[in-house]
Each structure stands twice: as structure tokens, then as C-alpha cells.
Number of protein chains: 2
Amino acid sequence: MPKRVAAPDYCLIARTMEALGEQWTLLIVRDAFFGIRHFDEFQKSLGIARNVLADRLAKLVDEGVLTRAQHPDDRRKVEYRLTDKGRDLLPVIISLTQWGVKWKRGEGEGVPFRFVDRETGSGIARIEVRSTEGKPLTARDLAIKPGPALTDAIRAHIPALRDSV
Amino acid sequence: MPKRVAAPDYCLIARTMEALGEQWTLLIVRDAFFGIRHFDEFQKSLGIARNVLADRLAKLVDEGVLTRAQHPDDRRKVEYRLTDKGRDLLPVIISLTQWGVKWKRGEGEGVPFRFVDRETGSGIARIEVRSTEGKPLTARDLAIKPGPALTDAIRAHIPALRDSV
DNA sequence: CTAATAGGTTGTCATAAGCAACGCAATATC
DNA sequence: GATATTGCGTTGCTTATGACAACCTATTAG
């Protein structure tokens with residue numbers, strides 16, 4: 001029984017992946033950020049099978065990431081648009097893209113297009129992880145600190161928490 | 001043939017998802033950020049099937065996100081550790097987590113643990129997308145601008161590019 | 001009124017994931 | 001120094017999911 005991403009819903013990432021982690025889902029969201037709104041546009045842009053696309057779009061609507069609405073002028077057309085919840089995925093999309101640009105781009109290969117500030121035309125800066133005090137942090141600067149919902153079961157799985165109090 | 005995320009490798013996100021988009025992969029990376037290093041720790045933490053875990057770890061090593069090394073003291077043990085390329089996924093992990101905290105957390109539900117600055121103990125600020133000039137940007141502030149590698153085929157798929165020059 | 005378009009649904013098949021059992025080498029225990 | 005245990009997988013079997021192509025329905029265009 002290949003169940004959806006199973007186990008540890010204690011972690012918010014796991015729950016996020018349950019919502020977005022299926023194949024194609026984030027690529028559909030990316031397309032939505034590019035302004036794609038119609039079934040066939042998604043289908044052609046991605047080359048995805050139509051049944052899978054229908055399934056993913058329905059789940060994204062269900063999840064509240066997209067809305068589904070009939071076009072007022074041509075009632076054959078259905079428009080899928082990002083909700084606030086969907087637009088909040090921008091940092092996810094951008095950070096994935098930036099990782100791809102840094103690590104998955106061929107030597108001397110250009111990008112096909114970029115997001116820019118529509119007002120000033122300037123590009124997007126490298127995303128940074130900062131402390132609440134504004135200090136830039138890398139993975140090496142981090143420690144794990146127990147939170148209110150920490151249980152013994154969870155603690156048992158995370159070495160960094162076993163050591164701490 | 002359920003091929004790996006097919007079509008559009010013109011987008012760096014697509015290529016990124018090819019590397020990281022399989023089920024479980026990002027959860028394994030998350031665990032690695034939590035300091036998990038051994039096969040059985042991943043397995044117990046995630047509840048993943050052992051054959052699938054073996055497959056994903058091998059692919060992550062292949063991809064250069066993790067290294068695989070024998071433990072010097074106990075040579076039964078194999079240690080999987082993040083590489084620089086893996087550590088560069090921190091913004092991805094954090095932005096996914098933050099989205100989950102905002103949109104997938106139950107009413108009044110606490111988090112089990114958090115990342116903090118190991119020196120000062122302070123938490124992680126909300127990740128922001130900024131222009132190169134430092135101006136915070138939301139999805140509504142963005143436009144798409146053609147890049148050097150833009151082809152007609154790509155342009156045809158993106159409505160926002162069809163309009164532009 | 002015939003054809004084309006938009007947005008799906010259905011059916012079949014290959015593949016990927018889940019599960020349990022086994023293998024095998026390196027320690028630990030007696 | 002034989003036996004058990006731990007750590008890291010692999011193998012075989014079953015089930016669920018994704019790909020592909022064909023079909024369906026409603027709406028609009030000619």
C-alpha cells in the first residue's frame with residue numbers, strides 16, 4: 001500500500017510534502033506563477049498526462065492553493081488561479097529555482113527567463129536564511145531547540161535532541 | 001512508462017525536481033539537517049520501506065547532496081552527511097517549513113522543535129523574497145523577463161512571454 | 001449543422017512503493 | 001572462539017500510481 005508520505009506528521013515539512021510533494025504538483029504551481037491558467041496550457045507546458053493533471057489540479061484546489069472558476073465570456077474555459085495560500089509558496093519556488101541555477105545549470109548555460117520586479121525591472125536577490133536579529137545563517141550555524149509539542153517518541157528519533165535536556 | 005518528471009528541462013525548477021522531487025527525498029534531506037546520519041535512523045524516523053530508503057540514499061549520494069562514508073570506529077556503520085550542495089538546500093527546507101507552519105498547523109498547535117542560531121539562541125526569521133535592491137517582493141510584484149536561453153518553443157508555452165517582445 | 005475547442009473521464013499497462021524475509025559483514029557477549 | 005546482535009542493505013511478492021491513447025460532453029465558431 002504505497003501510502004502518501006506516511007509517517008511523521010509531527011514535522012510541518014512532512015505535512016507540507018503531503019500537500020505538495022506529489023509528482024508534478026510543484027511544477028504546476030510554478031506554471032501558475034508564470035501566469036498559466038488553463039488546463040491545456042498546463043498540459044502542453046508540462047507534457048503531463050491529462051488524467052494526472054486533472055487529479056493534481058483537483059487536489060490543489062481542494063488544498064486551497066488554487067481556485068477553479070469558469071471564464072465569464074467563454075464558458076468552456078476554466079481558470080485556475082493562485083490563492084493567497086498559493087502565492088505564499090513564492091519563497092519555495094524561488095529557493096528551488098536558485099538551487100537549480102547554482103547546482104543544476106550547465107557550464108555557460110543561460111536561463112530562458114527570469115522573474116523581475118515589475119516596477120523597477122531589477123532581478124531577485126539570492127534568498128537568505130536569517131536569524132530574527134538579521135544575522136545570515138548557514139546550516140553550520142544551526143542548533144535544534146525543543147518546542148512545546150515535543151514528545152518522547154519524537155525526541156527518540158532525533159539525535160540532536162536526545163543529547164539536549 | 002512513469003518517467004521521471006519528463007518534459008520541460010528548460011526550467012531549472014524542473015531539473016531540481018528531477019533531482020529532489022521523488023517521494024521521500026526531501027524528507028530524507030530534512031532529517032539530514034536534523035543531524036541524522038545512519039540508515040536505521042532515517043528508517044525509523046520516516047517509517048519508509050528499507051528498499052526505497054536504500055534507493056533514495058544512493059540517488060542522493062549520486063546527485064552529490066549526501067556523502068557516504070564508513071564510520072572509522074565501527075565499520076558496520078555508514079555515515080551519510082550533507083555536502084555543500086546539500087547544505088545549500090537550507091532555504092528550501094526552511095521555506096517549506098515556514099509555509100507548513102503558516103498553513104498546515106492546527107489551531108493552537110505547537111511545534112515539536114525549532115532551528116535556532118547555535119550561538120545566540122535566537123530563532124529564524126520569516127524568509128523573504130527581495131529584489132537585488134533589497135525591496136521585499138510578493139507574487140503580485142513580479143513580471144517575467146526573457147533571458148538569453150529563451151526559445152520560441154518555450155515562449156509559446158508561457159502567456160506572459162507571448163505578450164512581451 | 002458540422003467542426004473545432006476546452007476540459008475532462010475511462011481503460012489498459014508499466015512502474016514505483018510497501019512489506020516481510022533473508023543475507024552478510026562487523027562488533028559484542030558469553 | 002562460538003553465538004547473538006547490530007547495521008546496512010537486497011530479494012521477492014503485492015498493490016497503488018502514473019503514462020498513454022481513446023473517448024465523452026458542453027460550448028463556441030464557421
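Hydrogens, waters and symmetry mates are skipped; everything else that's a heavy atom, side chains included, is used.
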Picking from D:dT6, C:dG18, C:dG7, the nucleotide nearest the side-chain atoms of B:R76 would be D:dT6
Take atom CG of B:D55 and atom P of D:dC8, then tell me their distance rounded to the nearest Å. 17 Å
Nearest to the A:D40 side chain among D:dG7, C:dA6, D:dA19, which nucleotide is it? C:dA6
Heavy atoms only, 4.0 Å cut-off, all strands: where does B:R50 land among base, sugar-phosphate and nothing? base
note: A:E41, atom CD; C:dG8, atom C1'; distance rounded to Å ~ 16 Å
At under 4.0 Å, does any side-chain N or O of A:W24 touch on OP1 or OP2 of D:dT17? no
Between CD of B:Q43 and C1' of C:dA21 the distance, given in whole Å, is 14 Å
Taking the basic N atoms (NZ, or NE/NH1/NH2) and the acidic carboxylate oxygens, is any pair closer than 4.0 Å for B:E18 and A:K104? no
Would you mind telling me which of C:dG18, D:dT28, C:dA17 lies closest to the side-chain atoms of B:R56? C:dA17
Atom pair distance, as rounded to whole Å: CZ in B:F42 and P in D:dC8: 10 Å
In this structure, how many angstroms lie between the P atom of D:dG18 and the CD atom of B:Q23, rounded? 8 Å
Which nucleotide in the list C:dG7, D:dG18, C:dC19 gets nearest to the side chain of A:E22? D:dG18
Per the salt bridge (Lys or Arg N to Asp or Glu O under 4.0 Å) rule, which among B:R81, B:K77, B:R76, B:R75 passes with B:E79? B:R81
Between B:N51 and B:H38, which has a closest nucleotide on DNA chain D that is more 5'? B:H38
Of the nucleotides D:dC8, D:dA19, D:dA22, which one has an atom closest to the side chain of B:R68? D:dC8
Is the number of heavy atoms from other residues, nucleotides or ligands under 6.0 Å of A:K145 NZ greater than 12? no
From the set D:dG9, D:dA19, D:dC8, return the single nucleotide nearest to any side-chain atom of B:Y80. D:dG9
Measure the distance from CD on A:Q70 to P on C:dT5 and round it to the nearest whole Å. 19 Å
Closest approach to the side chain of B:A54, judged atom by atom: which nucleotide of D:dA26, D:dT10, D:dA22 is it? D:dT10
Of all the choices, D:dT28, C:dA6, D:dG18, which nucleotide is nearest to the side chain of A:D74 once you look at every atom? D:dT28
Euclidean distance, atom CD of residue A:E79 to atom P of C:dG8 [Å, nearest integer]: 12 Å
In whole angstroms, the gap separating P of C:dA28 from CZ of B:R75 amounts to 12 Å
Under a 3.5 Å cutoff, is there a donor and acceptor pairing between the side chains of B:S95 and A:S95? yes
If you measure from the Lys or Arg side-chain nitrogens to the Asp or Glu carboxylate oxygens, is any gap between B:R15 and A:E109 under 4.0 Å? yes
